[in-house]
There are 2 protein chains.
Amino acid sequence: VPARGRRPSGGADVREAILASARRLISEVGFERASMRAIASDAGVDPALIYHYVGAKDDLLVAALVPPVDPAQLLAGVDAIPDRTGEELVRRVLNVWESDPEARRSIVATMRAGLSNERAAQALRDALGSTILAALRRVVAPDHEALRAELVGSQIAGLILGRYVLGLNALTSSPPETLATALGPAVQRYLTGDLGPADAAGSGREVSGPGL
Amino acid sequence: VPARGRRPSGGADVREAILASARRLISEVGFERASMRAIASDAGVDPALIYHYVGAKDDLLVAALVPPVDPAQLLAGVDAIPDRTGEELVRRVLNVWESDPEARRSIVATMRAGLSNERAAQALRDALGSTILAALRRVVAPDHEALRAELVGSQIAGLILGRYVLGLNALTSSPPETLATALGPAVQRYLTGDLGPADAAGSGREVSGPGL
């Protein structure tokens with residue numbers, strides 16, 4: 001934990017430089033191989049400063065993974081057109097990563113680090129639960145809030161995986177707007193649609209596919 | 001590469017034991033920390049046997065990640081009820097992981113290893129492209145085949161991530177059938193639905209059936 005009150009002048013900059021280097025190295029070589037020494041070297045600081053400003057490697061992981069955008073802010077007004085909330089959500093999250101290389105490195109680092117082992121997964125799970133999934137629960141239908149939020153999260157995570165982490169051809173080469181319209185209705189359904197027979201006895205089934 | 005022709009009696013069993021240990025350790029501690037020595041020890045063999053039967057650590061990664069189910073077989077007849085193809089696809093893939101702990105370890109190991117760094121991501125990308133995405137392309141509508149297959153892949157990957165790797169509450173506690181009906185129509189849309197304005201280019205709301 002950084003000693004906020006006793007920071008030397010420029011301390012916030014040092015901390016940001018350390019976190020930026022952590023994101024860059026974790027996204028490139030993975031969490032396990034991104035050593036404290038290499039991160040310090042990349043940031044141009046003494047390794048001891050990492051401990052001073054951020055903490056041990058686990059703390060560094062959590063701090064580096066903090067999303068550069070506040071989820072509540074990202075989602076503000078996302079449901080202005082209620083039946084296009086899904087599309088707008090996909091558009092906004094893509095816009096963050098497309099317009100900001102640092103945010104893109106952060107999300108790739110998050111996926112790589114958060115999935116590398118169980119300890120890191122726990123950190124990611126906690127971070128997701130307290131930020132993104134919590135924010136999403138404010139825009140979903142009141143039935144099955146948690147499941148809806150996690151379904152949306154699963155599709156967004158899969159998109160990040162395909163486009164930014166694995167770099168699959170079609171997902172990477174498609175313009176963001178194509179992806180917003182392709183993914184939007186699916187996300188919309190998770191947010192507010194009928195989730196199927198298991199969702200509510202007697203409620204109709206929404207079939208969005210072709211009826212042959 | 002295993003020397004298939006010169007295997008001693010029981011060689012296939014030794015190889016399987018090595019791969020099972022690799023999956024278990026990679027899924028638990030991640031690819032970087034799953035050492036050849038630890039895998040050999042877990043499998044009860046000399047480390048040299050890993051090199052003999054499977055190869056270096058990269059080869060071990062690819063071999064351990066080979067899905068225990070043939071994707072073509074998994075998808076056979078999945079489109080028997082065309083407008084329920086998405087639901088049946090989710091049901092089948094969940095059934096593989098729910099019924100077979102070894103398959104579940106394999107998929108968690110795949111995600112953990114394949115995302116840990118760029119080299120591993122390339123191995124996962126190649127494996128996906130040549131098996132799962134290729135098989136999926138046979139059940140999608142002919143327009144935008146690659147994008148459709150990758151959209152389906154992204155949702156399935158996000159589901160694996162939430163349910164088996166991160167263990168998010170609602171995705172983990174929901175019965176498979178709930179998930180099949182919740183995710184089915186979204187996957188159906190990726191397979192055969194109208195992908196939105198960017199898709200059109202004169203084709204309108206084309207909803208051709210699967211099964212090419």
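In this text, all values refer to a predicted model and were calculated from it rather than measured experimentally. Heavy-atom basis, side chains included; hydrogens, waters and symmetry copies ignored. Chain letters run A, B, ... following the sequence lines, proteins first and then strands; every chain starts at 1.
Side-chain contact check for A:Leu179 versus B:Leu147: some heavy-atom pair is nearer than 4.5 Å.
The backbone N or O of A:Leu183 sits nowhere less than 3.5 Å from a side-chain atom of B:Arg189 that would complete a donor-acceptor pair.
Heavy atoms only, all atoms of each residue included: A:Ala170 and B:Ala146 are closest at CB-C, 3.8 Å. Residues B:Tyr190 and A:Ala182 approach most closely at CE2-O, 3.5 Å, considering heavy atoms. Nearest approach of B:Arg125 to A:Val165, heavy atoms of both residues: NH1-O, 4.3 Å.
Atoms CG and CD, on A:Leu166 and B:Glu150 in that order, are 10.0 Å from each other to the nearest 0.5 Å. A:Leu195 CG to B:Ser174 OG: the interatomic distance, rounded to the nearest 0.5 Å, is 9.5 Å. From A:Gln155, atom CD reaches atom CG of B:Leu161 across 11.5 Å, with rounding to the nearest 0.5 Å.
In this structure, the portion of B:Leu159 lying under 4.5 Å from any heavy atom of chain A is its backbone and not its side chain.
Counting heavy atoms of neighbouring residues, nucleotides and ligands inside a 6.0 Å radius, atom CG of A:Asp42 exceeds 12 of them. Within 6.0 Å of CZ in A:Arg91 there are more than 12 heavy atoms belonging to other residues, nucleotides or ligands.
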